[in-house]
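Just below is one structure, and these are the notes that go with it.
Every number for a ligand or one of its atoms is a count from 1 in the order of the listing.
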Amino acid sequence: MRVLVTGGAGYIGAHTSRLLAARGDYVLVVDDLVTGSADRIPGIPVVTLNIANGSAEQLESLMREHRIDAVIHFAAQKQVGESVAKPAWYYEQNVGSVAQLLLAMERASVHKLVFSSSAAVYGEASGIITEEASANPINPYGATKLVAEQLISACARSWPLRAASLRYFNVGGAGVPELGDTQALNLIPICFEQIAAHKSPLIFGDDYDTADGTCVRDYVHVSDVADAHLAVLDVLPSEPGNEVLNIGTGIGTSVRDMVDAILEVTASELSAEVRERRAGDPAAVVGAVDRMRELTGWSARYSVADIVESAWASRQYFEARAASS
Ligand code: UFG
């Protein structure tokens with residue numbers, strides 16, 4: 001298959017681009033290289049472009065020139081806090097890019113799309129969440145993902161678009177050290193930062209209605225997430241539509257258990273400190289993953305220990321690289 005990957009030099013995008021190339025697919029990456037880096041995907045052509053505004057014509061030409069069969073769309077902004085501060089910019093970036101892409105795809109007759117959505121669309125839903133759960137995002141980031149899904153569904157009613165929107169749960173780890181997430185936005189990298197600064201990792205709230213009182217999340221290895229894109233691409237339905245699929249493990253891990261795993265892997269003698277609840281955190285968010293398994297046969301292979309160990313190895317790789325430069 002000949003696949004255009006937007007955001008293909010980013011964290012999940014680079015893992016996926018490499019897997020596609022390794023199995024013999026032709027890959028063309030379009031990435032603005034602001035948080036992504038072309039070093040992550042050696043040998044894969046990269047067009048440097050932010051597609052949020054006025055890119056449809058250029059994307060259409062690229063699709064024609066490279067005889068693209070399918071698009072995987074990762075390029076997006078992903079910081080919840082920033083989306084609250086800059087909502088219009090988040091809509092421009094995360095919805096605008098999808099609009100430009102769909103205009104180009106329709107004109108170039110590219111009819112297959114896999115879209116990076118997020119469990120953030122579920123908002124404060126708690127427990128084991130199926131795709132039927134109502135989508136009520138509680139921040140602009142989640143809202144932009146939901147609106148983009150709706151736009152894709154609307155296009156699939158208008159022209160023969162065969163799409164899937166993958167709602168990722170808590171993605172972590174690294175397939176190889178150089179592909180780790182270099183932004184400290186989530187629990188695992190934030191704990192690493194704390195430990196590196198000889199400060200205790202913080203647990204935001206231990207009075208939730210969960211087994212140990214701390215929040216429960218569904219952590220899924222980035223290599224599994226990347227693999228899920230290939231699995232979905234291969235089985236996109238023959239009928240137009242937008243298949244919504246949870247991408248997680250179906251297994252919940254508490255913040256306390258995750259912090260303990262982090263302290264062990266980092267051989268730290270620090271211990272966790274409990275702080276106030278963080279605003280807007282649902283108690284438990286775990287993905288029901290049956291639909292994805294039934295449709296594609298895919299299921300996650302990596303454990304929480306694999307996620308933490310590979311994330312730590314990646315952090316050490318980047319530290320060593322920074323120290324030697
Ligand atoms: N947490 C701590 N201490 C920290 C950092 C986080 O206790 O130092 C807790 C949070 O309160 C939360 C859990 O760890 O209970 C996970 O927090 P993250 O920020 O890592 O992840 P979230 O579950 O809040 O958010 C993730 C993605 C978002 C996405 C959301 C949707 O990061 O992009 O899932 O499910 F929107």
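- For ligand 1, the polar-atom distance check finds an N/O of Leu187 within less than 3.5 Å of one of the ligand's N/O atoms.
- Among all protein heavy atoms, the one lying closest to atom 28 (C) of ligand 1 is Val80 CG2, 4.4 Å.
- Considering backbone and side-chain atoms together, Tyr168 places no N or O closer than 3.5 Å to any N or O of ligand 1.
- Protein heavy atom at the shortest distance from atom 29 (C) of ligand 1 is Ser118 OG, 3.8 Å.
- For atom 35 (O) of ligand 1, the nearest non-hydrogen atom of the protein is Ala119 CB, 3.4 Å.
- A salt bridge does not link Asp25 to Arg2: none of the charged nitrogens lies less than 4.0 Å from a carboxylate oxygen.
- Heavy atoms only, all atoms of each residue included: Ala156 and Leu161 are closest at CB-O, 3.5 Å.
- In this structure, a donor-acceptor pair under 3.5 Å is absent between the side chains of His73 and Ser116.
- For the residue pair Asp227 / Tyr302, no side-chain donor-acceptor distance below 3.5 Å is found, with atom types taken as modelled.
- Between Tyr141 and ligand 1 there is a heavy-atom distance shorter than 4.0 Å.
- Remark: minimum distance from atom 27 (C) of ligand 1 to any protein heavy atom is reached at Asn186 ND2, 3.9 Å.
- Contact annotation: Gly142 has no heavy atom less than 4.0 Å from any atom of ligand 1.
- Using modelled atom types and a 3.5 Å distance limit, the side chains of His221 and Ser310 yield a donor-acceptor pair.
- Taking every non-hydrogen atom of Val255 and a distance limit under 4.0 Å, the qualifying atoms of ligand 1 come out as 7 (O), 9 (C), 13 (C), 14 (O), 15 (O).
- Between the side chains of Tyr90 and Glu82, at least one donor N or O lies within less than 3.5 Å of an accepting N or O.
- Checking only distances, Val285 never comes within under 3.5 Å of ligand 1, N or O to N or O.
- Residue Asp281 has at least one N or O atom closer than 3.5 Å to an N or O atom of ligand 1.
- In this structure, the protein non-hydrogen atom closest to atom 31 (C) of ligand 1 is Ala120 N, 3.2 Å.
- With salt bridges taken as basic N to acidic carboxylate O contacts below 4.0 Å, none links Arg275 and Asp206.
- Salt bridge annotation for Arg321-Glu319: absent, with no cationic side-chain nitrogen under 4.0 angstrom from a carboxylate oxygen.
- Looking at Glu149 and Arg167, a side-chain N of the basic residue comes within less than 4.0 Å of a carboxylate O on the acidic one, giving a salt bridge.
- The single protein non-hydrogen atom nearest to atom 7 (O) of ligand 1 is Phe204 N, 2.9 Å, given as residue, atom name and distance.
- Proximity to Ile190 (heavy-atom distance under 4.0 Å) selects the following atoms of ligand 1: 8 (O).
- Among protein heavy atoms, atom 23 (O) of ligand 1 sits closest to Arg217 NE, 2.8 Å.
- Near Ile203, meaning under 4.0 Å from any of its heavy atoms, are these atoms of ligand 1: 7 (O).
- Environment of CD in Glu57: sparse, with no more than 12 heavy atoms of neighbouring residues, nucleotides or ligands closer than 6.0 Å.
- Close contacts between ligand 1 and Leu202 involve ligand atoms 2 (C), 3 (N), 4 (C), 7 (O), 8 (O) [criterion: under 4.0 Å to a heavy atom].
- Annotation: atom 17 (O) of ligand 1 to nearest protein heavy atom, Arg278 NH2, 3.6 Å.
- Distances below 4.0 Å separate heavy atoms of Cys215 from the following atoms of ligand 1: 15 (O).
- The pair Asp234-Arg23 meets the salt-bridge criterion, with a side-chain N (NZ, NE, NH1 or NH2) lying under 4.0 Å from an Asp/Glu carboxylate O.
- Those atoms of ligand 1 that come under 4.0 Å of a heavy atom in Asn170, given as number and element, are 21 (O), 22 (P), 23 (O), 26 (C), 34 (O).
- One side chain, Gln93 or Asn50, offers a donor N or O that lies under 3.5 Å from an acceptor on the other.
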